[in-house]
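Have a look at the structure below, then the notes.
The figures here come from the full heavy-atom set of this structure, side chains too, leaving out hydrogens, waters and symmetry mates.
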Amino acid sequence: MLEEIDLSIVIVTWNSCDEINDCLESIIKNINDLKYEIIVVDNNSSDGTLEKLRIFREKNSDILKIIINKENSGYTKACNTGINSSSGRNILLLNPDTKIIGSALKDLLTKLNSNS
């Protein structure tokens with residue numbers, strides 16, 4: 001039986017080479033004990049973003065899924081693509097220039113799950 005995922009983190013990239021690695025590292029560093037997946041939807045980057053993602057996935061293949069769009073489909077459509085590929089009970093849309101700090105994700109889910 002597969003373990004249930006607490007949080008699916010969907011990140012849309014487009015020429016985000018300079019930011020994406022710090023974003024991903026901050027998630028891993030501060031995820032605490034949550035079961036999670038990261039889905040990155042790339043909107044046809046041309047600046048090396050995909051290469052950085054592939055290198056990152058080599059070390060983190062169990063948590064990172066990369067979806068590559070052949071054209072820039074726009075932010076909303078790319079978000080929906082990521083959401084449709086997710087399997088978590090909760091979904092977080094995160095921009096690639098974001099850094100997670102401390103227990104922010106766990107605190108967010110605790111609050112979300114305690115308030116019907």
Side-chain angles (χ1 to χ4, degrees):
M1 178 181 209
L2 291 175
E3 207 167 0
E4 188 170 4
I5 294 174
D6 298 314
L7 182 62
S8 294
I9 301 170
V10 176
I11 304 170
V12 174
T13 57
W14 180 76
N15 292 339
S16 305
C17 183
D18 293 338
E19 300 100 8
I20 190 61
N21 204 56
D22 288 343
C23 177
L24 295 171
E25 291 290 344
S26 75
I27 293 168
I28 290 173
K29 179 181 176 187
N30 296 297
I31 198 69
N32 298 303
D33 60 351
L34 297 174
K35 291 161 187 58
Y36 71 107
E37 65 181 353
I38 302 171
I39 301 164
V40 177
V41 182
D42 185 77
N43 262 339
N44 197 29
S45 292
S46 61
D47 69 339
T49 299
L50 286 175
E51 290 76 18
K52 280 209 175 170
L53 288 170
R54 288 181 178 124
I55 291 167
F56 190 88
R57 185 175 56 190
E58 287 175 12
K59 297 181 244 172
N60 301 284
S61 62
D62 55 327
I63 57 149
L64 180 62
K65 179 184 208 177
I66 303 169
I67 300 171
I68 303 169
N69 289 334
K70 295 190 186 293
E71 62 184 21
N72 188 333
S73 62
Y75 181 75
T76 304
K77 188 172 181 180
C79 284
N80 287 333
T81 298
I83 291 168
N84 289 335
S85 296
S86 69
S87 56
R89 288 185 294 126
N90 301 282
I91 298 168
L92 173 65
L93 301 177
L94 193 65
N95 288 334
D97 61 347
T98 305
K99 292 181 187 171
I100 301 301
I101 299 171
S103 62
L105 294 176
K106 185 169 183 144
D107 294 346
L108 177 68
L109 286 183
T110 298
K111 181 67 174 175
L112 181 66
N113 292 325
S114 70
N115 186 348
S116 59

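- Looking at Ile11 and Val41, their side chains never come closer than 4.5 Å, going by heavy atoms from C-beta outward.
- With sequence neighbours left out, the side-chain hydrogen bond (donor to acceptor under 3.5 Å, both in side chains) criterion links Asn43 to Asn69, Asn72, Ser73.
- Looking at Asn113, its side chain does come within 3.5 Å of a backbone N or O of Leu109 through a donor-acceptor pair.
- Asp42 places none of its side-chain heavy atoms less than 4.5 Å from the side chain of Val12.
- Looking at residues two or more places apart in sequence or on another chain, you find a side-chain hydrogen bond (donor to acceptor under 3.5 Å, both in side chains) between Glu37 and Ser8, Ser87.
- Leu93 places a side-chain heavy atom less than 4.5 Å from the side chain of Tyr75.
- A distance-only check finds no donor-acceptor pair linking the side chain of Asp6 to the backbone of Tyr36 [under 3.5 Å].
- Among all heavy-atom pairs drawn from Thr98 and Leu94, the shortest one is CG2-CD1, 3.5 Å.
- Residues Asp18 and Asp97 are not in side-chain contact: their nearest non-hydrogen atoms beyond the backbone lie 4.5 Å or more apart.
- For Ser86, the side-chain hydrogen bond (donor to acceptor under 3.5 Å, both in side chains) test picks out no residue, with sequence neighbours left out.
- Listed by chain and number, the residues in a side-chain hydrogen bond (donor to acceptor under 3.5 Å, both in side chains) with Lys29 amount to none (sequence neighbours excluded).
- The minimum heavy-atom distance linking Asn95 with Cys23 is given by the pair O-SG, 3.8 Å.
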Show me the donor-acceptor pairs within less than 3.5 Å that the side chains of residues 49-61 make with the rest of the protein, sequence neighbours left out.
unit_1	atom_1	unit_2	atom_2	d
Thr49	OG1	Ser16	N	2.9
Thr49	OG1	Cys17	N	2.9
Thr49	OG1	Asp47	OD1	2.6
Lys52	NZ	Cys17	O	3.1
Asn60	ND2	Phe56	O	3.0

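- Comment: Glu4 does not engage Lys35 in a salt bridge, judged by the lack of any side-chain N to carboxylate O separation of less than 4.0 angstrom.
- Counting heavy atoms from C-beta on, the side chains of Ile9 and Ile39 never come closer than 4.5 Å.
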Return all side-chain donor-acceptor pairs below 3.5 angstrom for residues 99-106, not counting sequence neighbours, or 'none' if the list is empty.
unit_1	atom_1	unit_2	atom_2	d
Ser103	OG	Asp107	OD1	3.3
Ser103	OG	Asp107	OD2	2.9
Lys106	NZ	Asp33	OD1	2.7
Lys106	NZ	Asp33	OD2	3.3

